[in-house]
Structure formats: C-alpha cells, structure tokens
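Just below is one structure, and these are the notes that go with it.
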Amino acid sequence: MAIQKKLSLMIPGPTPVPERVLQALGSHPIGHRSKEFQDLVYSTTQKLRWLHQTKNDVLTITGSGTAAMEAGIINTLSKGDKVICGENGKFGQRWVKVARAFGLEVIEINSKWGEPLNPNSIKKILENDHKKEIKAVILTHSETSTGVINDLETISKYIRNHEKALSIIDCVTSIGACNVPTDEWGLDIVASGSQKGYMIPPGLSFISVSEKAWDACDKSNLPKFYLDLKFYKKSLNNNSNPYTPAVNLIFALEESLKMMQEEGLENIFQRHEKHKLAVSNAIQALNLKLFADNNSLSPSITAIESTQIDAEAFRKIIKDRYDILLAGGQDHLKGKIFRVGHLGYINDRDIMVAISAIGLTLLEQKIISTEKLGKALEVAETHLQ
Ligand SMILES: *Cc1c(COP(=O)(O)O)cnc(C)c1O
C-alpha cells in the first residue's frame, strides 16, 4: 500500500496544484459583494488579460471548461446559423454536439484522430462563401484526446480574411502552455478552464470576448440565462459577478496568476515545450510509438500507442507502483493509447520520474532492455537541459 495523498497527476486535468495555491484556497470565504472581493476581481481580470495577451474582456464563469464553450456559442449565434466546426478528436466532437444542440447548421471539417485539421479545407470553404453566410469557425486549439495541436495561427488568418465569421476557439489546454496571442491572431472567443494550465482545481472557466463578438451578442437569439455574458460584462464594469462566484477558487486564481507572472509567459511556454520534447523523444527511445503526428504535438499532453501492451493494465501498474496517474484513451481509443499530461505545475523531476516509471514497467515486462531505458533517460535529459 502506497503512502496516501502523494499522487502525482500527469493527466490533462485536473493538474497538480501548487502549495501556495492550496493555501489560498483554504482561507475563509469573504462576501462576494465586498470591496475586498471587488479588488480581487479587478486584480484577477487584469492578470487574465495579460495571460490571454488581449485588451478584450476576459470573463470568469463558475463552471467547468464546457460552460465557457457553450457560452461562446449561445451568446454570439442564432438558430439556424451556418458554422464550420473542426473535428479531429473528442473535444472537436464536443463542439459539434453543442452547436447541434442549439440548432446551428454545422459544416464539419474532420481529420483522422491523431492528425491535425487541414487549414486549407477551412480556407476553401471560407473563400467560397461569397454570400458570407458562415457566422463562425469553431475549433479546438490543443486536442487533448489525441495530443494534437491544430495550426490556429494559420486558420485564424483565413477567418480574418473572411471578415464576417467569428473565431470561437477552445484553448483549454493551450492557454498557459503555449503562445495564444488573442489580439494578434484576432481571436473572437477564447474558452478555457481552471483545472488545466491555470494550476487550480476544477470549477472556473474563462472566456475572452472581442468587440466583434460583443456586436454579435446583440443579435443572438439563442436561449440563455446563467451563461448570458451581457450580465457578466455589466457586473465586471463594477468588478463584480452577476451571481455568487466560487469565491475560494478566485483566491486560488489570484495566487496562481501571480505565480505565472513571476515565471513569465515566455518561460512558461519554454517549460512546456521542453517537457513535450523530453517526453515525446524519450517515449520513442523506449520503442513506443507516438499517436499524434510528429509535427503537431500538443505542448500539454503526449498520446502514446500501446500496441505491445494493454494500456489500461499498464496505467494501473504505474498508478499502483509509482503513484503516478496517467490518462487513458477516450471512446474508441480506450485501451489503444495512454496519455502523459505535462500541463501546468510540472517540473523536470516529474518528467524524469514519469519516464523512469514507464521505462521500468516495460523493462519488467521484458519489452525493452536496460540499455534502452538508459538511453531514453539520457534523451530526456538532453531536452531538459
Ligand atoms: C478539459 C478540456 C475541456 C473542458 O472540459 P470540462 O470537463 O468541461 O472542464 C475542453 N476542451 C479541452 C480540449 C479540454 O482538454
């Protein structure tokens, strides 16, 4: 039996929470209409703008990441609107489901799971839309289910060229992991959630809204109440929330955003990049295959094929023996892949230990040699330096 409560979370959310943030969470709640809380809302909002690299409003919603995704759709669009949805994984699929649930006309652009979306397919449809009927292009930046990053920089250029369509983007596992310059790329809606790169527990979601998206809000006729962003905007002008927010999670948010500012955006991105390279290259040195296309690896999660092993049994060994939680595959990928999360509060030690645990388990099962394991650790170390 392992020591209790020393679980290392290497899944793509919830991610590990720093001690400073845990302590902030453990304070007594304060009144959400107090001056003290208004100061806190002001402070977190400024920092959220910094994180999103934007002058736009960034609103905080109590709810998981999907709340922000749904809010992005129901506030800016109307029944029957034609939209493009990029789908190359579980979260792309979620966008399609939300859009259909609200009666939108969805043009799906698919890629095989494990491959990135083809920006040219989106470009073609936008260029041929002479009547400007397409109201939004909706997609996932980092597709957590497959470990693929989509080329949002290129796609956002095509959306801006169309002029009419909004970009509605799930940046849940890219914000706080890699560069998402909201203003520079002209992103209209950026949705994210607290239990990912933000390094705080689940329960908050964030949505950045451009001027163009606010204009679209005025025309939207989809039903909404709790997620009606107009109310959030109005109360934000007063550094407040329309309803009782998760007060303690806001304490945590203030602390985690402070930590992020102390580290600096560039350093945060570099840390994720080197962890991505260390994990993906060490995994290949262990004779395992990456599930995602090598040129489109997500900065926050590495998906690995499990042809020689039973992924679920393998994950159980790693959890029981080493107290490291890895993620499995979702839907038809269950048992076929496992995923190593390296998102948020992760350091080099976490990476070395995870690679060692994976390598030692393969060694024990006589799938690799000691030399291979040594080589893989050496490969990881080169990238971490
Ligand atoms: C985690 C995640 C979400 C949000 O899921 P919730 O469970 O609602 O927080 C959305 N998109 C991606 C890509 C994610 O990784």
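Positions are given from 1, in the same order as the sequence printed here. Both counts, for ligands and for their atoms, begin at 1 and track the order of listing.
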Starting from [atom], what is the nearest protein heavy atom, named by residue and atom, and what distance separates them?
| atom | value |
| --- | --- |
| atom 5 (O) of ligand 1 | Arg94 NH1, 3.4 Å |
| atom 9 (O) of ligand 1 | Gln195 NE2, 2.8 Å |
| atom 11 (N) of ligand 1 | Asp170 OD2, 2.5 Å |
| atom 13 (C) of ligand 1 | Thr144 OG1, 3.0 Å |
| atom 3 (C) of ligand 1 | Phe91 CE2, 3.5 Å |
| atom 6 (P) of ligand 1 | Ser64 OG, 3.4 Å |

Is it the case that atom [atom1] in [X] sees more than 12 heavy atoms from other parts of the structure closer than 6.0 Å?
| X | atom1 | result |
| --- | --- | --- |
| Lys212 | NZ | yes |
| His332 | NE2 | yes |
| Lys164 | NZ | no |

Polar atom proximity, [X] to ligand 1 (N or O, under 3.5 Å):
| X | value |
| --- | --- |
| Ser142 | no |
| Thr140 | no |
| Pro12 | no |
| Thr66 | yes |

- Within 45° of the ring axis of Phe91 and under 6.0 Å from its six-membered ring centre, is that where the NZ or CZ of Lys196 lies? yes
Does [X] come within less than 4.0 Å of ligand 1, judged by its heavy atoms?
| X | answer |
| --- | --- |
| Glu143 | no |
| Met69 | yes |
| Ser145 | no |
| Lys196 | yes |

A student checking ligand 1 against Thr173 at a 4.0 Å heavy-atom cut-off should list atoms 15 (O)
For Gly65, the atoms of ligand 1 under 4.0 Å from one of its heavy atoms are 4 (C), 6 (P), 8 (O), 9 (O)
Would you say the side chains of Ser43 and Glu254 form a donor-acceptor pair under 3.5 Å? yes
By ring-ring contact (aromatic ring centres under 6.0 Å, His included), Tyr226 pairs with (sequence neighbours left out) Tyr243
Mutual orientation of the aromatic rings belonging to Trp185 and His141 [parallel < 30°, tilted 30-60°, perpendicular > 60°]: perpendicular
Under a 4.0 Å N-O cut-off, is there an ion pair linking [X] with [Y]?
| X | Y | answer |
| --- | --- | --- |
| Glu108 | Arg100 | yes |
| Arg271 | Glu263 | yes |
| Lys6 | Asp323 | no |

